[in-house]
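Just below is one structure, and these are the notes that go with it.
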Amino acid sequence: MTKEKTAISPTRAEDYSEWYQQVVKAAEMAEHSPVRGCMVIKPWGYALWENIQRELDDLFKATGVRNAYFPLFIPLSFLEKEAEHVEGFAKECAVVTHHRLEKGPDGGLVPAGKLAEPLVVRPTSETIIGDAFSKWVSSYRDLPLLINQWANVVRWEMRTRIFLRTSEFLWQEGHTAHATSEEAVERTKLMLDIYAELAENYLAMPVIKGRKSAAERFPGAVDTLCIEALMQDRKALQAGTSHFLGQNFAKASQIRFQSAQETEEYAWTTSWGASTRLIGGLVMTHGDDDGMVLPPKVASAHVVLLPIFRKEAEKGQVMEYTHKLAKELRGSTYNGRPVRVEIDERQTGGARNWDWIRKGIPVRAEIGPRDIAEDSVFMGRRDNSPKEKKSVKREAFVRGLGQTLDQIQDALFQKALAYRKEITCNIDAKEDFYEFFTPKNADLPEIHGGLAMSHWCGEAACEAGIKEDLTVTIRCIPAENEIIEGRCICCGKESRERVAFSKAY
RNA sequence: CGGGGCGUGGCGCAGUCUGGCAGCGCGCCUGCUUUGGGAGCAGGAGGUCGGAGGUUCAAAUCCUCUCGCCCCGACCA
């Protein structure tokens, strides 16, 4: 039996982690930098982030959120204001202690000019934004205050993975202040809905909306909501979070306002974020053994035109036809944005085609003299086999492109959804639960497990025990959960709902 | 931060055990051939072998230190 040749080696089944690295590299999305744990995001990958940014930004603004920018550096004393918060982040903070370099005895540069107060490179900005909010809010008429910032943050991670967990990453962090608890809770849910909308309708990534258990909650939050997506190795990825912070940070930062009843109150705040981690999620949701697969709505480019000519005499005609087609496509729109078109003039035969398959572009269109004679293009779709290509009349190609892209978008979502269903199951017996999450081959674990919907009594000890035994955690308590009597998967005590258990990134 | 693995041209790797001219495949450049496809032939460019120090007549290879990446834990978006 000969193995089908794949563009990426190893395949997902052979070595998922290595496959992931190879796809990121082969699709030219990002590479490692000389700085430990930090990546260089390359144009093909950064375009994804730009598209995510644009989409999220529109969704935020439609709910009244405005953008602002706060400092990269946070005074150490600010971080100390909220006890749980500082405890949660202290271990992964990068700290700036000096502000000047001087020539040292060996000729190298050494830090000089020690700072009076060390500055923490923001791991998140609740405290410094809280400080600003305390000045901006004095009356209930100043509320709600709805602010977002697009920024980089630094968390000094023990173990990094490109896009999924890097020391520095890009994200947005929204911060809001409200007059009432109810309104803040409402905002927390609204932003989670926006993340779910982005994930499902834009990234074609099915997600489960839910609430974190106390153990998984954001440090300092009263409640953490999240969307969880399932990757092709059956592990869950937290793809967005929205926190209800109660009055914890308002008290820490003195965000107070005078109410309509002339009483002084602490504001109720929220924060919510999504990061470049989503790009890693795209790779692991849609990528296949031939490389990246990009959902059209977020794709760095929608179509690549591949002109084919052999003799110089043909070149002029083919290139003219190609550029004219590109111009026409770029003048049309998809999902409210101009169609993004690449032209690859390299004459490397089939290898060129495979480059674009690896990069995951949704549509490839080959244009040679024979096509031009028939006023057609030879089209291939990334959601089909690489060999499956067909001749399409130029006019039909242009007119039908939007529909084609919609079909691909939908096909990717449906495929991901079907996979999630396949690896999700209700498990009620502890023995079955342990078997579900235990690989058959302990030395070289195969892809196993999935999402187990199982009963949990609510005790932290049960949650911790399962994490200890299986490295399985409660990803979330689903938002739209049925009340069903059952027995805790760990201790057997009474439980009224199932929660989502899985291994996670 | 503990345990393990790996750093050799853009990518994938051999060479390291046993020290002796830095190699192979793919990609890249040039030419010819081919011509609806992951092309063939010929020629060519590109690497202070992750870095520093040491042993030696001689180090990719041996020793010490160090940096980075990957995997498994602990921690986390």
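So that the names make sense, note that chain A is the first sequence line, chain B the second, and so on, each numbered from 1.
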Would [X] and [Y] count as having a side-chain donor-acceptor pair, cut-off 3.5 Å?
| X | Y | result |
| --- | --- | --- |
| A/Y46 | A/N51 | no |
| A/T63 | A/R187 | yes |
| A/S167 | A/E157 | no |

[X] near the nucleic acid: base, sugar-phosphate alone, or nothing, with a heavy-atom cut-off under 4.0 Å?
| X | value |
| --- | --- |
| A/G37 | sugar-phosphate |
| A/R155 | base |
| A/L237 | nothing |
| A/T124 | nothing |
| A/F89 | nothing |
| A/T241 | nothing |
| A/S9 | nothing |

Can a donor-acceptor pair under 3.5 Å be found between the side-chain atoms of A/R370 and the base atoms of B/rG36?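 By the distance-only test, yes, there is a pair.
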Check whether the side chain of A/D355 and the base of B/rG38 form a donor-acceptor pair under 3.5 Å.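 It does not, because no donor-acceptor pair links the side chain of A/D355 to the base of B/rG38 below 3.5 Å.
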Using a strict 4.0 Å threshold on nitrogen-to-oxygen distance, state whether A/D290 and A/R382 make a salt bridge.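 Judged by the 4.0 Å cut-off on N to carboxylate O distance, A/D290 and A/R382 do not form a salt bridge.
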Looking at A/R358, does any N or O in its side chain come under 4.0 Å of the phosphate oxygens OP1/OP2 on B/rG38?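 False: A/R358 side-chain N/O out of range (4.0 Å or more) of B/rG38 OP1/OP2.
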Nearest listed nucleotide, side chain of A/Q21, among B/rC71, B/rG36, B/rC72: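 The listed nucleotide nearest to A/Q21's side chain is B/rC71.
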Go through B/rG37, B/rG36, B/rC71 for me and flag the one nearest to the A/P369 side chain.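 Minimum distance to the A/P369 side chain belongs to B/rG36.
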Pairwise 5' ranking along RNA chain B for A/A504 and A/D371, keeping only the more 5' one: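 Looking at the nearest nucleotide for each, A/D371 comes out on the 5' side.
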Base partner of B/rU30, which must satisfy Watson-Crick or wobble distances under 3.5 Å: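 B/rA42 - that is the nucleotide pairing with B/rU30, both distances being under 3.5 Å.
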